[in-house]
2 protein chains.
Amino acid sequence: MSPAQIEREAIRLFSEKTYPLVGMRDISDAVELLPGSLYVHITSKEDLLLKIVERGIGIYLSALTPIVESEKPAQDRIRDVISSYLRLLDANLDITKIAMFQWRYLNGENLASILELRDQIDGLFVRVVTDGIAAGEFNSVRHPHVVAISLVGLLSSTAQWYSVQGALSADDIAEQLSDIVLGGLTG
Amino acid sequence: MSPAQIEREAIRLFSEKTYPLVGMRDISDAVELLPGSLYVHITSKEDLLLKIVERGIGIYLSALTPIVESEKPAQDRIRDVISSYLRLLDANLDITKIAMFQWRYLNGENLASILELRDQIDGLFVRVVTDGIAAGEFNSVRHPHVVAISLVGLLSSTAQWYSVQGALSADDIAEQLSDIVLGGLTG
DNA sequence: CCTACCGATCGGTAGG
DNA sequence: CCTACCGATCGGTAGG
C-alpha cells in the first residue's frame, strides 16, 4: 500500500460523494486496510484533501501559465487556454471536481494556501484579458476583472456537466466556447 | 418559534458552512431551542434542506420564466434574464448559494424532484438561445445546448464571488456580462 | 417545548 | 499493518 493508492481511491470517493460524506472507513475499505492503518500512510483526512486539491490546481496552473505567458496574440492565448482547460478536464475529471469545488472544506493555513493558488488561476485570466484590451485586440471594457473571473466560473462549471463518454468531445466544447467568448471580447 | 424562523437560521448556517458541516445543534442554538425540540417544527434535516432548495430555485424560476416566455426579441430577453438574475442574487445571496450548489446533498426522491427543477432552469436558457438563432438574431452555432448551460454555469458561479457590499453593483455586473454574452451570440 | 436518552458513526491513537 | 479502543458528535425519538 502506498500513499498514492490511498489518494487515488480518495479522489474517486471525494468526487463521487464530497469530502464530508466520505468516512475514513470508506477509504480504508477501498484500499483493503483497517481504518486505523490508514494513518501509517497519511497524516489526517484534511491533509489528504489538501494534497489532492494542491495537485489538482497544480495541473491547471502548470499547463495554463506558459500559455498565458507566451508571446502570442491574446486571442490565440484565450483559445489555447480554453482548449487546454477542456483537455485537462477530460483527463482529470474527478480531481478537477475536488480542486474546483471542495477546497472549501479546508481550514486555517490549509485553506489560506489554497486561496493563493486560486488567486494565481484568476490572475492568469485577468492577465490575458487585460493584455488583449491593451493590445487593442479586445473591446475596452468597464470591468475586466468581472469578465476574467466570469470566464473562470464558466470553465469551472463545465466540470459539473462534462462527461468523458458524452456525445461531445472536449475539443468540440472548447471550440464552441472559444467562438462565443472571443465573439464577446472582440468586434 | 416557527418553521420559517428555523429555516431562516438554517439558510444562514448552510450557506456559511455547507449542509453536512451544520449540525442540528447549531441550528437549535441559533433559534434558542434544545436539539430535540426542533422536531416539533420540522420533519428532518434533509427535509429542511429540500424546502430551502425548492424555494431558492423557485425564486429564479418564477422570475425568469415570464421573461423568457415574453414576446421580446431574444437579445432583450437575454439582457433581462441576466439583469434579473443578478438582482435576485443580490437580494437572495445565501439561499442562492444553497439552491445552486447544495442540492447535491439530497437523496432519492428529494434529489430527483430538484433535478427536475434544475432542468427547468436549463430549459429556459436553451429556449432563449435557440429562439434567438431561429429568429436570425444570434449566430448559428453547432451546439446551442452547450452555449445555454455554459451561460447557466457562468451565472451560477457569480454566487461564489458576488458580495452585497462589494464595489460593483448587481446592475454593473449584469451590464458587463450582457455586453459580453450578447457580443458572443451576435455579430 | 423539555428531559433524557438512543444507537450509530466520526476521525484518530496507543501499543504491539 | 492489526488489535482494541478513545471521546466526541451525529440525527433523531419516547414520554411527558
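Every chain is numbered from 1, with letters handed out A, B, ... down the list of sequences.
A 6.0 Å sphere centred on CZ of R8(B) holds no more than 12 heavy atoms belonging to other residues, nucleotides or ligands.
Rounding to whole angstrom units, CZ of residue R25(B) and P of dA8(D) are separated by 14 Å. Summarising the geometry, the separation between CG on D26(A) and P on dT9(C) is reported as 11 Å, rounded to the nearest angstrom. The CG-P distance, from D47(B) to dG11(D), rounds to 15 Å in whole Å. If you take NZ of K45(B) and P of dT9(C), they are 16 Å apart, rounded to a whole angstrom. One interatomic measurement links the two molecules: OH of Y105(B) to C1' of dC10(D), which rounds to 16 Å at whole-angstrom precision. Distance I42(B) CD1 to dG11(D) C1': 10 Å, rounded to the nearest Å. Rounding to whole angstrom units, CD1 of residue I27(B) and P of dT9(D) are separated by 17 Å. One can place CD of E46(B) at 15 Å from C1' of dC10(D), the figure rounded to the nearest angstrom.
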Taking distance alone, no hydrogens or angles, what donor-acceptor pairs closer than 3.5 Å link side-chain atoms of residues 142-154 of chain B to residues at least two apart or in another chain?
from: R142(B); atom 1: NH2; to: E175(A); atom 2: OE2; distance (Å): 3.0
from: S150(B); atom 1: OG; to: V146(B); atom 2: O; distance (Å): 2.7

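Consecutive pairing runs in DNA chain C reach the stem threshold at C:1-16 with D:1-16, where a stem means at least three Watson-Crick or G-U wobble pairs with distances under 3.5 Å.
Take D171(A) and apply the side chain to side chain donor-acceptor pair (under 3.5 Å) test, not counting sequence neighbours, and it matches R87(A). Every ring-ring contact (aromatic ring centres under 6.0 Å, His included) that F14(A) has, sequence neighbours left out, goes to Y19(A). D26(B) meets the salt bridge (charged side-chain N to carboxylate O under 4.0 Å, His left out) test with K17(B); sequence neighbours excluded. Residues satisfying the side chain to side chain donor-acceptor pair (under 3.5 Å) criterion with N92(A), sequence neighbours excluded, are absent altogether. Residues forming a salt bridge (charged side-chain N to carboxylate O under 4.0 Å, His left out) with D179(A) (at least two apart in sequence, or on another chain): R79(A).
Applying the ring pair (Phe, Tyr, Trp, His ring centres under 6.0 Å) test to every pair with at least one member in residues 55-78 of chain A, sequence neighbours left out, gives these pairs: Y60(A)-Y85(A). Pairs passing the salt bridge (charged side-chain N to carboxylate O under 4.0 Å, His left out) check and including a residue from residues 94-116 of chain A, sequence neighbours excluded, do not occur. Each ring pair (Phe, Tyr, Trp, His ring centres under 6.0 Å) pair with one or both residues in residues 155-182 of chain B, not counting sequence neighbours, would appear here, but there are none.
Looking only at distances, no side-chain donor or acceptor of S84(B) sits under 3.5 Å from a matching main-chain atom of V81(B).
Comparing dC10(D), dC1(C), dG12(C) by their closest approach to the side chain of H41(B) singles out dC1(C).
Of the residues in residues 14-24 of chain B, those placing a heavy atom less than 4.0 Å from an atom of DNA chain D are V22(B), G23(B), M24(B), in numerical order.
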Below 3.5 Å between N/O atoms, which protein atoms pair up with nucleotides 2-4 of chain D? Just atom names and distances, please.
from: dC2(D); atom 1: OP2; to: L34(A); atom 2: N; distance (Å): 3.3
from: dC2(D); atom 1: OP2; to: S37(A); atom 2: OG; distance (Å): 2.8

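In this model, the phosphate group of dG12(D) is approached by a side-chain N or O of Y39(B) to a distance below 4.0 Å at OP1 or OP2.
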